[in-house]
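In what follows, every heavy atom counts, from backbone to side chain, and hydrogens, waters and symmetry copies are set aside. Convention: sequence-line order gives letters A, B, ...; per-chain numbering from 1. Computed from a predicted structure; not experimentally measured.
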Amino acid sequence: MEAVLKNVASAVELLAVAAHSDAVSQWDEQTLSRAFQWAGYCEHVYTRFHTNSAIRRVVEKQLQHTNATLRDAFADYNEVSFMDLPRCEHLLLRALLNNPQLPISTIRILFGLKNGTSRRYHYQEVTGLCSHLIQCKSACEVLCPFSGLSTVSAEAEVQGEMLMKRLGALLSQGSDPSQAEHFLHSSLPLCEGAARHSCLVITAALLTASDSAGQTSSQSFLLDWLQKEHGVLQHMGSTLPSAVLKDLAGAHRKFRDAYFGTLKKWASEMEYSLSDGEWVPACTAAAPALSFPKMVEHFSDLFDACPSLRRNAEDELLHLKILDGDFDARGLSVWGDILSEVKK
Amino acid sequence: MTELQQPLSQLQETSGPLLDAQKMQFWMDKAVAWDQVGSAQTLKDISRHLRGLTDFLQQVLTQISNTGSTAETMKELPCLGQILGRLCWNPYVTVGDTNRGLLLQCLLGLYSENPSNALERKANQWIRKVLCRLATEDDDPAAQILMKSTGVPPKEYHLRVLKKMVKQHQENIEKTCCSKKSIDQRCSCDVILTTSEVFVPLLDCPEASPVICSLLQRPGTSFTDALSEDFLDALNSTDLRLAVDETALVSVWYHSLPRLEEAVLDLLEFATSTGSAPQNLEQHISKTQLPKACAHHCSMFLVVNDIFRSILKQAEGNLAVHSVIQTFTRCFLKELEELQPRTAASLKAFFPQSPTSLLVPLLTLPSEMPQEAWKNHLEWLTASLQRLAEQEEEEEGDSQSSRGHHNVFETWFLLVQCSHWVQVAGELLVTSEAEPCSNLLWLMTFYYHPTNRWHCRAALLEEAKEAWRHLRTLSSASVRPLPTDHLQPLITLLSLKPQRPSAPLLTLSLMVYCAIFCQLPHSQSVEIFQTVVHAAGLLHEAACVLNSLQHRLNEGSCSSRDTVHVRIKKLQSTVTHMQAGVNPHTPHNRG
């Protein structure tokens, strides 16, 4: 273990040198290659130990120590955390390319353009690394507009997989569930603009068929979290197309129930506007809110997708209508109006 | 990609015309227009100009390397920085290997190792910044957050997304096009068309290869080919080595005639440029997938044969070419056999220009009929061919005589494709006891000299008979060691004489057949063979004859053939030894 810690420390120091020192001007192809091997080593350390919280703590402690030393040595030093370890190659590359002392010949190697010819990139090698990166990114951009081919886009699917994998790793460590919840919070921001994206990722994560017990428990955890986080559910309800919501409700009972709960909450926040002759969201209602026809549509879709829910749900709505006075006239009970629309 | 493999010095030598202001303005306008990517029109425009862009970037690169300093280059090509800067951020330009490579080389070419003024220093800074941003920046903040929190590096992320996108496209193709029974094929055609348009810039991106192979392997409808025109054009000019696997090659050939021609010419070059006739010719030909492709698509076979015809006309007496054609046809027939039973009608489709009466008789392999029947078969063949040749002669002098020529040529071409019967003729000549075998000799003469230029066929036939008489004498003589002067007439016959028509190749092949099939003890015949061939210097040709004979005999193997095989092998090794012994500096003999 001591050796591992020492190596990690050396690798982090190497990163700092790559970013800030003019020693890089002396780096030849071999040194460059070795530097990237060190980065690979850090990624390997992460892969091996990221599910082991005890070792993780030890490594983090070492990182703190190394960071402190390097902060004194370099002015604009960027700290390296445990979660930076799997991205070491990227950090190294960024450090090098931002370092004005990096010789242009080294840049040529990274772009696969040594000696004026173009060389193909081979995985794990250094030559042509940047060229390969650009190609992948460009190819994704070229194909992106056409990714409406399936329910979820390729990016959302991959991000969903990433989310679930990390969640699974956190859950398997048997640690405090609040850590996993914190992870979900930080990975799925709900602020302006980001909310839609987070909804798509969650959708992708939930719609991927589960092929292992671990994945099922991760999905279950995510659903539990959703139930607690009404904000997320509301965003999902208002931004996702109804077909997608139907799929989700059909696939996961917990989602169905949580979503039903959200719809009810929405309905309960509606007021009847005499001037419009229609139910509208109250001004005090939390955004985002649905219009009445939209909400009815959501209820209908939900019942279509989950026939088993329909009977109980209709009973519940009827019960709420009765509590409201059991009037049949329109505009007096949102539940009654929803019921009558849904039953058409 | 091949242009990029030339060293820089060569680029300087082949510099094209200087880039003028008009061209620069054209590409400047393009670069600006393409920035508004998003519409299908823009995508089409980009796809159409990708090839032109390659040429332009190549010219820019040449100019950059020819001009001494960056400052000068920027003066000569004023918008260059802007053009390159815009193109760098256009994913349709940077996704393909060729254009991306050229673009990056241009940028790096503009970097000054020792900047001498502010402009160059600024250019350096800009270049570094652009390169850094291109390689490391991500403009999807939400994805970045996830990457950080889940510990997935950008390289892995983008690669996974790309693979998934490709997979989705592939599933889309398969989903909409899998039912062959659907009468209404319009719906699937749209998917193919759109997908092929989308993937034009991705033709030289290896990760896109599953979709490209899927697109190519869709059976084309008989009226409209569903692939977009831009896609087909790009197929002709992009380096496909990385993107297309072997099975999709056949589809590439089907869609792109230049590619098919390229493949055939490559094959011919392989067979004829190696110093000695390649012994694994059949294997090599099969491996190219060309025979299989031709068996599936009649049109391809016709194209390949047209190429063979023109090569034959140019390369008279090149036995290696004969070998290729014969071996290719044999491989082709084998593949065809697997697909459909051989009928005269089906064969006619593949050999439309050959005389129908001769088609099946010639294509039948000797191994497919009893040995006793060979002689009669050959007699019939020779008689038919003689009739045809006479017809041609009669029509000579007539302005319509081209048809006669044409018939004779086509017949002869078919004979080249089916040289097995010529080989059988040679074998029978040696092994049959009966003396009058002039028709067999006629056949062999015709094979090596189809044209009756200057009415020399009679003279050639006489020479063949003379050679034959010498050989007969030699093979029946039992005197050892053979006096050398007995061999001299043969050697003379084997050399080309400019004044009178001569038949060295015919004589040579008669020699070879003699050496293999005659009754002489093998060591003797080898000795004769060695002496004569060495003196005449026809090592390469001897090897060709031996190899094609061996190929044919490998087909039908019966035990009595074993001695023949042994003899052939001994002769082949003799030839190889001689070739090695000959001046090692001659590239011709060293392959």
Could you tell me if [Y] and [X] have a donor-acceptor pair between their side chains, going purely by distance under 3.5 Å?
X        : Y        : value
B:Asn172 : B:Thr195 : no
A:Glu141 : B:Tyr92  : no
B:Ser228 : B:Asp230 : no
A:Asn52  : A:Gln173 : no
A:Ser186 : B:Ser149 : no

Please identify, among [options], the residue contributing the most non-hydrogen atom pairs under 4.5 Å to chain B.
options                             : result
A:His50, A:Met83, A:Met162, A:Glu43 : A:Met162
A:Leu91, A:Leu85, A:Val142          : A:Val142
A:Ser187, A:Cys130, A:Ser81         : A:Ser187
A:Phe82, A:Phe183, A:Tyr46          : A:Phe183
A:Cys140, A:Cys136, A:Ala194        : A:Cys140

Where does [X] contact chain B at under 4.5 Å (heavy atoms): side chain, backbone, both or neither?
X        : value
A:Ala139 : both
A:Leu102 : both
A:Pro100 : backbone
A:Arg87  : both
A:Ile104 : both
A:Leu133 : side chain

(message) Parallel, tilted or perpendicular, judged at 30° and 60°: which one describes the rings of B:His49 and B:Trp34?
(response)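 B:His49 vs B:Trp34 ring planes: tilted.
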Top contributor to chain A contacts, counting heavy-atom pairs under 4.5 Å, from [options]:
options                                : value
B:Gly109, B:Gly96, B:Pro141, B:Ala143  : B:Ala143
B:Val166, B:Leu131, B:Asn124, B:Leu159 : B:Leu131
B:Leu108, B:Val93, B:Ile145            : B:Leu108

(message) Which residue in the set B:Leu61, B:Asp97, B:Val60 passes side chain to side chain contact (heavy atoms under 4.5 Å, CB included) when paired with B:Leu102?
(response)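 Of the listed residues B:Leu61, B:Asp97, B:Val60, the side chain to side chain contact (heavy atoms under 4.5 Å, CB included) partner of B:Leu102 is B:Leu61.
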(message) Whether B:Lys163 and B:Glu207 form a salt bridge (side-chain N of Lys/Arg under 4.0 Å from carboxylate O of Asp/Glu) is what I want to check.
(response)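 Answer for the salt bridge query: no.
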(request) Starting at OG of A:Ser217, measure out to CG of A:Leu222 and round the result to the nearest 0.5 Å. (result)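 If I round to the nearest 0.5 Å, the distance is 11.5 Å.
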(request) Could you look at B:Glu113 and say if it's the side chain, the backbone, both or neither that has a heavy atom under 4.5 Å from chain A? (result)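 Contact with chain A is through the side chain of B:Glu113 alone.
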(message) Counting only non-hydrogen atoms closer than 4.5 Å, does B:Leu134 touch chain A with its backbone (N, CA, C, O), its side chain (CB onward), both, or neither?
(response)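 Both backbone and side chain.
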(request) Report yes if the distance between the aromatic ring centroids of B:Phe231 and B:Phe199 is under 6.0 Å, otherwise no. (result)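 They do not qualify: ring centres at least 6.0 Å apart.
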